[in-house]
2 protein chains.
Amino acid sequence: MIKKYVFGTPVETEAVVQVIPVTEKTISRFEFQNNQFIYQMTEKTKVYGLGEANRGINKRGYRYVSFCSDEPSHTEEKESLYGAHNFLVIDDENPFGVFIDNPGKVTFDLGYEEINQLVITPKYMDMYIYLIEGNTPLDIIRQFRKMIGKSYIPPKWAFGFGQCRWSYENSGRVDDVIRNYEEHQMLISSVYLDIDYMQDYKDFTINEERFPDFKDYVSKVRKKGIRLVPIIDAGVKIEEGYHVYEEGVKNRFFVKDINGEDYITAVWPGYTHFPDFLNSKARAWFGEKYRFLLDLGIEGFWNDMNEPAIFYSKNMVERLKKRIKESDIEHDDQVLMDDIRWKLTGVANNSEDYQSMYHDMNGERINHDKVHNLYGYHMSRAAAEAFEKLVPDKKILMFSRSSYIGMHRYCGIWMGDNCSWWSHILLNLKMLPSLNMCGFMYIGADVGGFGCNATEDLVMRWMALGVFTPLFRNHSAFGTRNQECYQFTDTAAFKNIIDVRYRLMPYIYDVYLKSVENDDMMYSPLAFVYPEDEIASGIEDQLLLGEDIMIAPVYLQNAIGRYVYLPENMTFVKFERDGKTVCESMRKGVHFVKIARDEVPLFIRENHQVKIVRQSVITDASLREKIMDCSICYREEDFEYLQ
Amino acid sequence: MIKKYVFGTPVETEAVVQVIPVTEKTISRFEFQNNQFIYQMTEKTKVYGLGEANRGINKRGYRYVSFCSDEPSHTEEKESLYGAHNFLVIDDENPFGVFIDNPGKVTFDLGYEEINQLVITPKYMDMYIYLIEGNTPLDIIRQFRKMIGKSYIPPKWAFGFGQCRWSYENSGRVDDVIRNYEEHQMLISSVYLDIDYMQDYKDFTINEERFPDFKDYVSKVRKKGIRLVPIIDAGVKIEEGYHVYEEGVKNRFFVKDINGEDYITAVWPGYTHFPDFLNSKARAWFGEKYRFLLDLGIEGFWNDMNEPAIFYSKNMVERLKKRIKESDIEHDDQVLMDDIRWKLTGVANNSEDYQSMYHDMNGERINHDKVHNLYGYHMSRAAAEAFEKLVPDKKILMFSRSSYIGMHRYCGIWMGDNCSWWSHILLNLKMLPSLNMCGFMYIGADVGGFGCNATEDLVMRWMALGVFTPLFRNHSAFGTRNQECYQFTDTAAFKNIIDVRYRLMPYIYDVYLKSVENDDMMYSPLAFVYPEDEIASGIEDQLLLGEDIMIAPVYLQNAIGRYVYLPENMTFVKFERDGKTVCESMRKGVHFVKIARDEVPLFIRENHQVKIVRQSVITDASLREKIMDCSICYREEDFEYLQ
């Protein structure tokens with residue numbers, strides 16, 4: 001049962017597709033005072049949701065701020081990451097869900113100030129609020145998912161393994177990656193292109209020196225079963241003669257300042273303007289631009305920097321220059337070091353800039369700060385709506401860094417710029433069910449970690465989780481250690497782990513499609529499946545994947561295995577080197593299981609079975625391109641069953 | 001069996017007190033090439049040591065750089081923290097220890113570049129190296145500890161609970177803390193004073209407005225059983241008429257630049273000079289300055305900023321001003337934002353400054369960079385040597401932020417500026433045995449976390465580890481949420497946890513003294529005690545404390561308990577609310593044990609017993625001051641036994 005409440009004059013976010021009449025009554029479940037929504041929790045209350053957010057599956061005990069942020073260092077205290085997913089499930093005696101459909105900043109204090117008090121504080125009081133009553137968290141989530149519409153389904157090849165780095169800056173580097181994967185007989189379905197494939201970081205351009213005859217090159221790579229997937233950034237370079245810039249200015253398609261002038265911010269290309277994705281005409285215009293790359297044979301994209309990230313704005317720089325000019329920095333070191341220094345570093349992603357930008361939303365001028373969390377969503381929507389027109393018969397891969405609920409219908413997300421930290425393996429796992437709750441199904445983290453330097457064991461252990469996520473991409477940042485799977489010593493182990501992914505593909509793809517079709521969880525916390533089991537309910541390092549599998553990766557360095565809790569009897573399966581599989585029946589309860597670095601573990605529930613592709617099929621050289629391309633049609637004899 | 005090797009012309013660090021003849025042979029165990037010491041590990045090799053360092057107890061799989069650093073954000077990738085403790089135990093078939101007695105930068109690659117290769121790379125090739133052969137890690141550690149001399153023993157009151165914050169900036173704030181602890185009947189033995197008690201951050205001054213009649217105030221607080229423990233910073237403010245500055249300049253007791261001028265760096269007081277603690281005369285002079293505070297009744301100190309931390313130097317600022325002056329920042333925003341901005345932020349703790357400073361070491365000029373890691377050690381040594389003369393019959397509490405092996409004879413350390421992160425509870429635990437290996441016994445972290453905002457459950461769980469560490473201090477940073485135990489809802493639970501500390505005091509103090517006396521570990525990894533037990537050998541979230549107790553704190557938010565591995569039968573003890581104790585016999589093996597937020601868990605080994613103070617003694621109001629003062633003499637009937 002869903003109730004919809006209206007406060008003030010909401011922006012129509014189009015997060016919700018179901019038509020639900022507004023309830024006239026005052027909001028139930030919450031106490032509403034001083035523009036805050038307050039709920040008293042008991043000691044036993046659990047709180048789920050918030051999608052791409054920091055910390056636990058049970059999100060109790062901290063404060064989260066929905067405000068899409070370019071925040072690459074996800075340390076524990078961070079309150080905002082790249083997405084804004086305002087859906088909570090409050091699980092106690094009478095569980096309910098709440099969706100705050102408000103694209104401005106919303107603060108969720110889930111027992112931070114007062115350990116048993118949940119307080120929701122929107123910055124702006126214009127919004128719809130949906131309250132969903134249900135018998136269980138899953139029941140509530142299904143109602144919510146139905147309300148927000150079916151999730152995006154990518155092309156099948158997007159379930160293959162992909163390799164990325166900032167940056168394979170020319171075709172030689174890409175060739176090198178592909179050749180190395182070939183030489184080590186590691187399967188790979190995609191290679192990602194980061195910002196350097198563009199001419200001067202200009203969207204919808206190719207640097208011809210670095211990638212000569214790009215169309216032919218795309219086709220050449222494609223013949224090996226591999227797709228190239230380029231990045232698209234939100235900001236458009238200010239450069240006379242650059243058609244995207246010229247058209248945007250002419251048609252008034254860029255975000256404005258208060259005086260109606262195009263707002264100037266610096267990102268990768270230097271000074272840029274931001275397309276006004278909240279303006280439906282600008283959206284149609286920008287979406288159509290993707291045609292340039294589709295025509296070159298591109299079938300997948302990742303949309304980046306669309307929180308939007310701001311390195312600095314022209315406004316801020318002018319103000320700082322004035323401050324420097326008026327200061328006696330020649331004689332007063334403290335002014336330079338204690339004031340100007342910190343002002344200079346504080347200009348990135350500054351709230352003053354967000355408050356100084358304006359959108360044209362169906363003819364109405366609206367301050368960016370009020371709708372900040374829609375920006376990445378509408379950038380991706382621009383592209384998705386264009387794809388429907390440009391390539392109606394084709395599925396295009398797309399995922400975005402920034403997001404809001406509603407965007408799940410148009411594309412997937414990756415979990416943003418994480419780090420090569422062991423703790424981020426676990427954070428990767430914890431985000432999976434939370435994102436599913438909010439409709440996001442095509443999801444995955446930068447396996448091996450984006451920032452910082454990875455070690456062989458870290459990448460290997462992370463890959464053994466990545467094999468289970470729809471988006472399975474190894475990605476690393478400029479200046480960090482190379483972490484492609486062939487860069488390390490034990491390449492045979494990496495080959496085997498990647499093989500496991502392709503062997504599991506039918507199961508993963510099938511669970512994906514069913515989860516979308518049935519508004520179901522692909523990844524369930526154990527608490528959802530074994531609610532009466534007190535230990536299971538608190539487990540945050542294991543997940544159910546579909547109906548049959550429980551995953552429990554190793555996420556600690558130098559570990560010879562891990563504790564695992566079986567809420568029922570299960571079969572412990574280890575994919576060992578060289579395609580070997582070992583199965584062991586285990587009793588319900590607490591175990592310490594040994595899992596070597598080169599092994600991929602999973603558990604199969606009692607009386608369930610899992611269909612996997614035989615290793616012999618995977619290693620059949622004649623099928624190689626078809627497997628990488630994910631175009632292979634398996635015959636029954638290509639499968640074996642684990643149970 | 002210890003072998004001592006000499007390379008180049010070593011600085012005499014006085015880390016080692018045992019007289020050991022130099023071996024003429026080339027170094028064994030390691031391959032020595034290109035100024036690197038290389039050791040091939042097997043898959044099973046474990047590496048212990050490095051004292052106050054990041055990551056695991058088994059330090060394999062990462063790179064560590066010994067270079068004392070003011071690094072408050074201990075994320076996983078950080079290679080240098082506040083201390084430099086170059087002692088490793090390499091545990092495989094023929095275990096051995098190695099101590100690189102080199103106070104310049106030393107890099108330890110313990111399987112980072114190549115997963116099975118250990119590479120030690122000193123920046124400067126002047127050093128002693130000690131190789132220690134032994135049968136077990138503990139045997140090797142005992143030999144090493146004997147070699148470096150007996151560890152510091154603080155006064156008994158230093159084992160009481162202490163409260164700190166940056167800052168209780170006046171006596172009213174301190175009174176408020178004490179009153180609140182009194183009102184909630186929580187015992188407290190010390191209140192720490194951070195930098196604001198000083199006049200303009202000048203060492204050995206008191207701000208008389210904030211702390212009028214300081215001597216009387218110290219005495220008044222002391223009568224309640226509580227000591228005030230002030231901070232001392234390394235840098236001396238440049239201010240005419242300030243006696244420490246004037247004397248330092250006159251006697252040439254400050255660190256110099258290459259031209260022999262006093263080197264100018266900015267820290268809390270603005271521009272300062274660093275005392276040349278490597279100069280024995282300067283050391284005697286600075287140590288004597290502590291008399292000022294001893295005479296006011298002070299009995300404990302913490303030495304801070306002694307890596308030394310540098311906000312910026314005069315040299316750097318001059319260079320930056322020149323760069324700004326010569327730039328066309330009026331017209332070139334990119335120069336300002338992409339160059340000057342990052343140069344300005346990069347000036348803190350800059351290697352160029354460390355390379356530009358010079359010490360006078362027994363008449364010889366030596367570049368700071370070569371001896372960087374001795375600075376904090378010798379600051380604390382200055383004080384400790386003075387205490388021996390000034391108050392020969394009294395034990396003084398002292399601990400330092402920066403350290404080098406050798407300093408363990410003079411004082412303790414705290415683990416530096418951590419954060420209110422759940423992961424830092426575990427990091428706190430992991431540092432305990434590593435520090436013991438290097439001689440540091442009086443140790444502890446900022447309980448509740450220094451940086452970031454703490455929550456009630458985090459502080460409570462962390463306190464339940466803190467009760468087991470010699471230094472047990474709750475401390476938090478300026479601008480963060482107040483985290484004194486009375487700031488939260490369930491003060492009765494906090495009272496109980498603190499009570500547990502005082503009930504355990506006789507055991508903890510006894511283990512401490514014995515560990516010092518016998519060059520033993522106070523905290524042992526399970527691997528040391530159960531080397532044949534493969535699971536136990538990999539456990540990094542449990543420790544043996546002394547002979548009788550195993551500790552296993554809860555360090556995850558919202559956890560209802562934790563997994564625990566018992567390598568033998570044990571008694572599971574929970575200190576519950578209101579002084580209740582619950583004991584349960586448990587069998588060897590893997591368990592999930594329930595531990596509520598307000599409970600302190602410990603395990604007692606089979607056939608062992610632990611003597612604790614009865615709750616009735618702790619809550620005897622007439623004994624309150626004596627308990628806080630730790631001057632109580634217990635009678636046999638004051639104890640009970642857990643077994």
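Note that these values count all heavy atoms, side chains included, but never hydrogens, waters or copies made by symmetry. Because the structure is predicted, anything quoted here is derived from the model rather than measured. A note on names: the letters A, B, ... follow the listed sequences, proteins ahead of strands, and every chain is numbered from 1.
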Exercise for the section: For residues A/Asn558 and B/Lys46, determine if any side-chain heavy atom of one lies less than 4.5 Å from a side-chain heavy atom of the other. Expected result: no
Problem - Side chain, backbone, both or neither of B/Glu43 within contact of chain A (heavy atoms, under 4.5 Å) - result: side chain
Problem - Per-residue contact mode, A/Thr345 against chain B (heavy atom under 4.5 angstrom) - result: both
Handout entry: No-hydrogen, no-angle side-chain donor-acceptor test under 3.5 Å, B/Asp333 and A/Tyr312
Key = no
Fill in the blank from the handout: Answer key: most heavy-atom pairs under 4.5 Å with chain A among B/His591, B/Arg55, B/His424 is B/Arg55
Practice task
Check whether B/Tyr271 gets within reach of chain A through its side chain, its backbone, both or neither, counting any heavy atom under 4.5 Å.
Solution key: side chain
Exercise for the section: For chain A, find which of B/Trp342, B/Phe488, B/Tyr565 contributes the most heavy-atom pairs closer than 4.5 angstrom. Expected result: B/Tyr565
Exercise for the section: Could you walk me through whether A/Glu76 and B/Ser423 pass side-chain hydrogen bond (donor to acceptor under 3.5 Å, both in side chains), step by step? Expected result: CA-CA 8 Å; A/Glu76 285 178 40; B/Ser423 58; 2.8 Å; yes
Problem - From B/Val564, B/Val590, B/Val593, residue fulfilling side chain to side chain contact (heavy atoms under 4.5 Å, CB included) relative to A/Val590 - result: B/Val590
Practice task
Tell me whether the guanidinium CZ or amine NZ of A/Arg562 lies under 6.0 angstrom from the six-membered ring centre of B/Tyr563 and within 45° of its axis.
Solution key: no
Fill in the blank from the handout: Scored by heavy-atom pairs under 4.5 Å with chain A, the best of B/Lys321, B/Glu114, B/Arg63 is B/Lys321
Problem - Interchain contact, B/Lys594 with chain A, by part (heavy-atom threshold 4.5 Å) - result: side chain
Fill in the blank from the handout: Under 4.5 Å to a heavy atom of chain A? For B/Asn116 that would be neither
Completion exercise
Whatever's closer than 4.5 Å to a heavy atom in chain B on A/Asn58 counts as both
Handout entry: Engaged part of A/Ile539 at the chain B interface, taking heavy atoms whose separation is under 4.5 Å
Key = side chain
Problem - Side chain, backbone, both or neither of B/Glu77 within contact of chain A (heavy atoms, under 4.5 Å) - result: both
Handout entry: Set of residues satisfying side chain to side chain contact (heavy atoms under 4.5 Å, CB included) with respect to B/Pro269, sequence neighbours excluded
Key = B/Tyr201, B/Lys237, B/Val267, B/Thr272
Handout entry: When B/Leu336, B/Asp457, B/Thr489, B/Ile324 are compared by non-hydrogen pairs under 4.5 Å with chain A, the top option
Key = B/Leu336
Exercise for the section: Measure from NZ or CZ of B/Arg481 to the centre of the six-membered ring of A/Tyr112, then state whether that distance is under 6.0 Å and the direction lies within 45° of the axis. Expected result: yes
Practice task
Could you pull out all residues at least two apart from B/Glu330 that satisfy side chain to side chain contact (heavy atoms under 4.5 Å, CB included)?
Solution key: A/Lys325, B/Asp328
Practice task
Show your working on side-chain contact (heavy atoms from CB on, under 4.5 Å) between A/Ile115 and B/Met460 and close with a plain yes or no.
Solution key: CA-CA 12 Å; A/Ile115 203 159; B/Met460 211 180 276; over 6 Å; no
Practice task
Please look at B/Ile560 and chain A and tell me whether the side chain, the backbone, both or neither of the residue comes under 4.5 angstrom of a heavy atom of that chain.
Solution key: side chain
Exercise for the section: Let me know if B/Leu458 has heavy atoms under 4.5 Å from chain A in its side chain, its backbone, both or neither. Expected result: neither
Problem - Contacting moiety of A/Glu540, where chain B heavy atoms sit under 4.5 Å - result: neither
Problem - Residue part contacting chain B, namely of A/Asp490, when any heavy atom lies under 4.5 Å - result: neither
